[in-house]
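Remarks on the structure that follows.
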Protein chains: 2
Amino acid sequence: MAGRTDTKTRILDAAEKLFAERGFSETSLRLITSKAEVNLASVNYHFGSKKELIRAVLARYLDVFMPTAASEIKRLHLAPEHASLNEIFSALIKPLLELNKVRNGGTIIFLQLLGRGYIESQGHLRWFITTHYGQHLTTFVQAVSASAPHIPPAEMFWRLHFTLGTIVFTMASADALNEIAASDYGEHNNTEAIIRKVIPYMAAGVAVPVTSNE
Amino acid sequence: MAGRTDTKTRILDAAEKLFAERGFSETSLRLITSKAEVNLASVNYHFGSKKELIRAVLARYLDVFMPTAASEIKRLHLAPEHASLNEIFSALIKPLLELNKVRNGGTIIFLQLLGRGYIESQGHLRWFITTHYGQHLTTFVQAVSASAPHIPPAEMFWRLHFTLGTIVFTMASADALNEIAASDYGEHNNTEAIIRKVIPYMAAGVAVPVTSNE
DNA sequence: GATTAATTTAAACGGGTGTTTAAATTGAGA
DNA sequence: TCTCAATTTAAACACCCGTTTAAATTAATC
């Protein structure tokens, strides 16, 4: 081993910030390496390709978030009383905010990365997430389904993706929305405040009775 | 005047399809002009730049959708009985589906373009939409606010953006989601079916009572 | 301290991008 | 039919991209 051992970390730190801000394909390796103050070629040396760098950036968060989120859900679900949807979604707040301790602004960076990934790259990231963290996702889906048993599985599939869209879009444009909210309503929300705003919205939508027609 | 007069139209038709499928920055002018079977330089000749082409593509839909949507809302709002949120959102279905008559698959193309625009380019498209169609947007916001008077304006601001995120993300990944739904649940939904699924979700979320704490 | 493997570096490669230029072509009005 | 403006075309421009190469440098091992 030789050289600065933190070159990989410097790249990851610079990359995640830029990826979250401007998206994956809008962020060049040259911009990343100049912000990280490392050589351009070191990305390909340490990660192989840009695609693998993207996966590594996301994995660093998913490896922290997924296990703790799943265990929070399990703890809730095994409790005697049935948890409400609000409780289940709220159980994700702590694991999400834990990411702020990993890195400054980690929570919103993670959610923005997730959204960018889902929208930009149709294929490889979705595959990467479901194959690496599918078990934890199942835990979550089962908990939600159990607490809203009146929703058929197919309908629940759609509603959970509506939910993903809600949170992911909100976080992707959180900065812009916060600016508008501040100037129009004098509101100043941090990431946690926005999450707490969105949870009742999502919980109500997921649980609303299915109407056969109009 | 000389040459094929429909060159502009051929460019717009090819561009909107590709933009909706792969996003704006992932779609090169060379791909657009080859699909449209026109010369590369004709884009800059007719539209000035790629940015202005993007705006022209969106304007062609917004010019049809916005006035009819606003008039549907107004018609509903002036009726004696207060319209429900479900009715207000449902009033947008007809204007949305009208876009299918403008062009095949027009509805989903429009919604996907809207989503791409909001997520990809933080600045110029949002500005373009609010300055050109702000009056119609106000009509919509006022109708929603009137039918959910228990939601304070600032909270409504956030919830309407949650709603935008829900619909836009759903449509951006509608094709992929439909594939999964078909293979996992044997469901086959068209654009209208998805819209009818998402409306109750959004209406419930917008109207859910504000909880001071947890 | 010499050897060797890991890492960093500068430079180039091959290719794709939006845009511009200037010449060729087209079609309507005089 | 001639003229002239609108349009189309092929080519080039200047720039950015991810990746690869080979040499220089660094740090650990013997």
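Chain letters run A, B, ... following the sequence lines, proteins first and then strands; every chain starts at 1. Everything numeric in this text was worked out from a predicted model, so none of it was measured.
When the C1' atom of C/dA24 is taken as reference, atom CG of B/N39 falls 12 Å away, rounded to whole Å. We find that CG of A/N44 is positioned 15 Å from P of C/dT7, with the value rounded to whole Å. Protein atom NZ of B/K51 is 14 Å distant from nucleotide atom C1' of C/dT19, rounded to whole Å. Taking atom CZ of residue A/R10 and atom P of nucleotide C/dT7, one finds them 16 Å apart after rounding to whole Å. Rounded to whole angstrom, the span from the NZ atom of B/K50 across to the P atom of C/dG18 amounts to 4 Å. Counting to the nearest Å, the C1' atom of C/dG18 and the CD atom of B/E52 are 13 Å from each other. Rounded to an integer number of Å, the gap from CG of B/L40 to P of D/dT9 is 11 Å. Across the protein-nucleic acid pair, B/L29 atom CG and D/dC15 atom P stand 19 Å apart, rounded to whole Å.
For the pair B/T170 (side chain) and B/T166 (backbone), a donor-acceptor distance under 3.5 Å is present.
Looking at B/R30, its side chain has no donor and acceptor atom pair within 3.5 Å of the base of C/dG16.
The shortest heavy-atom contact between A/E72 and A/A91 is CB-O, 3.9 Å. Nearest heavy atoms, A/L97 versus A/T107: CA-OG1, 3.5 Å. Across B/N189 and B/N178, no two heavy atoms sit closer than the pair O-ND2, 2.7 Å. Considering every non-hydrogen atom in both A/A143 and A/I88, the closest pair reads O-CD1, 3.3 Å.
Place A/L31 and A/G48 on DNA chain D by their nearest nucleotides, and A/L31 ends up nearer the 5' end. Each of A/S28 and A/Y45 was matched to the nucleotide of DNA chain D holding its nearest heavy atom; the match closer to the 5' end belongs to A/S28.
Among the heavy atoms of the strands, none lies under 4.0 Å from A/S25.
At the phosphate of D/dA6, neither OP1 nor OP2 sits under 4.0 Å from any side-chain N or O atom of B/H46.
When the nucleotides D/dT9, D/dT8, C/dT9 are ranked by their closest atom to the side chain of B/T7, D/dT8 comes out on top.
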